[in-house]
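Down below is the structure, laid out as structure tokens.
Reminder, nothing fancy here: chain letters follow the sequence lines and each chain counts from 1. Note that this is a predicted model, so its numbers are computed, not measured.
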2 protein chains.
Amino acid sequence: MGDSKAPASQTDCIFCKVFGRTEWSGMSAADMAKLNEAKVCRQFDRGEAIFYEGDECRGVYCIKSGLVGIRKIDGEGNSVLLGRLGYPGTTLGYRPLLAGECHRGTAEALEDSQVCFIAAGLVRWLLERNPDLGLRFLHHAAKDLGNAEEDFFQNAAHPLRLRLAHLLLVLKDHYGENFDDGTVMVELPVTRQDLASMMGARPESISRVIKELDQDGLATFSGRQVHIQRIDDLLWELDPAGEA
Amino acid sequence: MGDSKAPASQTDCIFCKVFGRTEWSGMSAADMAKLNEAKVCRQFDRGEAIFYEGDECRGVYCIKSGLVGIRKIDGEGNSVLLGRLGYPGTTLGYRPLLAGECHRGTAEALEDSQVCFIAAGLVRWLLERNPDLGLRFLHHAAKDLGNAEEDFFQNAAHPLRLRLAHLLLVLKDHYGENFDDGTVMVELPVTRQDLASMMGARPESISRVIKELDQDGLATFSGRQVHIQRIDDLLWELDPAGEA
DNA sequence: CGCCAGGTTGATTTCGCTCAAGCAATGTGG
DNA sequence: CCACATTGCTTGAGCGAAATCAACCTGGCG
């Protein structure tokens with residue numbers, strides 16, 4: 001009602017590139033209007049925090065662009081990046097909101113990111129008149145839970161080298177640039193330390209494994225640039241049989 | 001409409017001992033009636049399977065009594081028991097149902113158990129007209145997800161001895177029998193092999209750690225009977241500081 | 001009775017952690 | 001613009017927890 005300076009491009013959600021991938025699509029026009037009116041978009045610079053561990057949960061955050069990670073501080077005071085990254089189209093913070101808890105981790109922009117905030121009250125209001133919306137979040141949570149259990153399992157069963165190979169291949173799907181010769185270039189969105197914490201390992205160990213992969217000619221690492229030379233071999237290591 | 005032999009006591013949910021602990025409480029009388037009518041209760045003997053890995057998810061299973069575990073077969077063909085056990089009051093199978101996936105593991109009765117089956121169609125129908133029901137499942141999923149992530153890091157950070165101590169204390173809450181002298185007797189509901197797989201370890205390692213705890217006088221193991229002699233010391237190991 | 005799954009124990013190896021040092025890139029204040 | 005601290009990354013040496021390999025024990029059970 002008279003906001004003169006918009007913090008960021010307050011585009012209509014309908015025209016948002018990621019809209020179709022979010023849980024928010026499929027609501028009535030009236031509810032969409034309400035959402036558009038109330039949401040607050042804002043740009044976060046790399047390294048900037050979006051919300052903090054222990055904060056009361058005031059609403060949810062829909063990622064329009066960039067990349068957001070969740071950090072926790074472990075018992076020894078180390079910063080740990082959780083495996084679950086927030087890509088464009090992801091809505092963060094719905095879990096504590098619906099569970100009625102505080103934020104369990106600190107959300108940090110891993111790249112410059114545009115994020116829309118939707119207040120808790122509005123979310124609840126929308127949920128009440130859109131049962132499907134709740135179901136979509138439920139669907140999302142169910143998927144995440146499955147993945148988390150899978151990871152737990154993989155972590156215990158596979159050595160670090162395999163886990164790193166796996167993570168590389170996942171990141172490739174989001175950040176990979178395919179070349180004509182079949183090789184792929186990936187820009188890692190995180191530091192090696194974060195890479196380490198994501199897989200429950202130490203940075204030194206990561207370094208060594210990277211060196212190994214390098215020497216074996218599977219991939220070439222240079223800073224955050226990874227040039228995967230032999231994807232097929234990488235895949236073969238993960239699954240010598242070829243189940244899927 | 002003419003079933004002559006009921007497979008098990010088809011008690012009204014309202015009178016079920018565990019009803020209050022389930023997600024199903026809090027629905028309208030009409031919906032409850034519908035649930036009561038459609039659910040199918042059945043007794044499973046120890047070792048019997050309730051559903052199989054890879055099966056299409058046909059509905060959810062509410063555990064009335066006993067104990068149910070989820071097994072997976074890992075790459076090397078070993079049977080692995082997932083950490084999340086199904087105690088009375090737990091509803092199993094909601095995750096794959098909501099995520100629209102097949103069952104990711106085989107559910108097996110770890111003790112003689114009474115289990116009620118609720119068909120997928122009915123669950124969806126109930127979810128649509130009971131937003132609260134969805135929220136309760138979401139809440140449940142959120143908790144599980146939090147635990148899974150927590151476990152992931154605990155697993156990487158703590159040595160086996162601590163993890164076993166932790167698991168013992170969890171089992172104590174469900175199966176512990178407190179004595180006057182402050183000691184506790186716990187009947188382990190699983191074999192040592194399963195114990196091992198639950199924490200991502202080998203049976204031999206478990207054996208050794210158990211021997212250690214035994215020699216240190218923290219607990220006495222005899223078959224599946226565990227007599228915890230010094231709970232306070234066990235707790236102290238988990239958290240020398242005393243945060244909580 | 002012999003069989004077999006579950007469990008224990010011992011010897012050996014290996015993977016990843018700890019501790020410690022050094023290096024490059026970036027930033028900051030004088 | 002340079003001296004200096006800081007942060008992220010790499011490398012080496014040594015250690016230790018747990019895996020592996022292998023043998024053997026135990027208690028059901030057909």
Partners meeting side chain to side chain contact (heavy atoms under 4.5 Å, CB included) with [X] (sequence neighbours left out):
X: A:Ala107; answer: A:Ile50, A:Phe51, A:Val68, A:Ile70
X: A:Ala120; answer: A:Leu97, A:Arg124
X: A:Ser65; answer: A:Gln114
X: A:Asp45; answer: A:Gln43, A:Glu48, A:Asp112

For this session: Specify the residues of residues 204-226 of chain A, ordered by number, for which at least one heavy atom lies under 4.0 angstrom from an atom of DNA chain C.
Result: A:Glu204, A:Ser205, A:Arg208
For this session: Indicate yes or no for a side-chain donor-acceptor contact from B:Thr191 to the backbone of B:Asp194 under 3.5 Å, with no hydrogens or angles considered.
Result: yes
Exercise. Does anything in residues 149-160 of chain B reach DNA chain D, meaning a heavy atom under 4.0 Å, and if so which residues?
Worked result: B:Pro159, B:Leu160
Exercise. Parallel, tilted or perpendicular: which describes the rings of A:Tyr87 and A:His174, with under 30° parallel and over 60° perpendicular?
Worked result: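 Geometry flag for A:His174 against A:Tyr87: parallel rings.
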Taking only nitrogen or oxygen atoms into account, show me every contact under 3.5 Å that the protein makes with nucleotides 6-8 of chain D, one pair per line with its distance.
| unit_1 | atom_1 | unit_2 | atom_2 | d |
| --- | --- | --- | --- | --- |
| D:dG8 | OP2 | A:Gln193 | NE2 | 3.1 |
| D:dG8 | O5' | A:Gln193 | NE2 | 3.4 |

Exercise. On DNA chain C, which is the earliest and which the latest nucleotide, 5' to 3', with an atom closer than 4.0 Å to a heavy atom of chain B?
Worked result: C:dG6 to C:dA11
Exercise. Could you walk me through whether B:Ile63 and B:Val18 pass the side chain to side chain contact (heavy atoms under 4.5 Å, CB included) check?
Worked result: CA-CA 8 Å; B:Ile63 300 170; B:Val18 302; over 6 Å; no
For this session: Any pair with a residue in residues 205-214 of chain B that passes side chain to side chain donor-acceptor pair (under 3.5 Å), sequence neighbours left out, goes on the list, sorted by first then second residue, please.
Result: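 For residues 205-214 of chain B: B:Arg161-B:Glu212.
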Exercise. How sharply is the helix from C:dC1-D:dG30 to C:dG30-D:dC1 bent, taking the axes over five pairs at either end and rounding to 10 degrees?
Worked result: 30°
Exercise. In terms of side-chain geometry, is the basic nitrogen of A:Glu150 or B:Arg104 positioned less than 4.0 Å from the acidic oxygen of its partner?
Worked result: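 So A:Glu150 pairs with B:Arg104 through a salt bridge.
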For this session: Considering only NZ, NE, NH1 and NH2 on the basic side and carboxylate oxygens on the acidic side, decide whether B:Glu149 and A:Lys72 come within less than 4.0 Å.
Result: no
Exercise. So do B:Cys62 and B:Cys116 have their SG atoms closer than 2.5 Å?
Worked result: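 Answer is no: B:Cys116 does not pair with B:Cys62 in a disulfide.
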Exercise. Distance only, no hydrogens: is a donor on one side chain within 3.5 Å (strictly under) of an acceptor on the other, for B:His166 and B:Gln154?
Worked result: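 Short answer, no.
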Problem set entry | Polar side chain donor-acceptor pair, B:Asn78 to B:Asp74, under 3.5 angstrom |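 A donor-acceptor contact under 3.5 Å links the two side chains.
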For this session: Could you pull out all residues at least two apart from A:Glu101 that satisfy side-chain hydrogen bond (donor to acceptor under 3.5 Å, both in side chains)?
Result: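 side-chain hydrogen bond (donor to acceptor under 3.5 Å, both in side chains) list for A:Glu101, sorted by chain: A:Arg95, B:Lys143.
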Problem set entry | Residues which pass side-chain hydrogen bond (donor to acceptor under 3.5 Å, both in side chains) with A:His103, listed by chain and number, not counting sequence neighbours | none
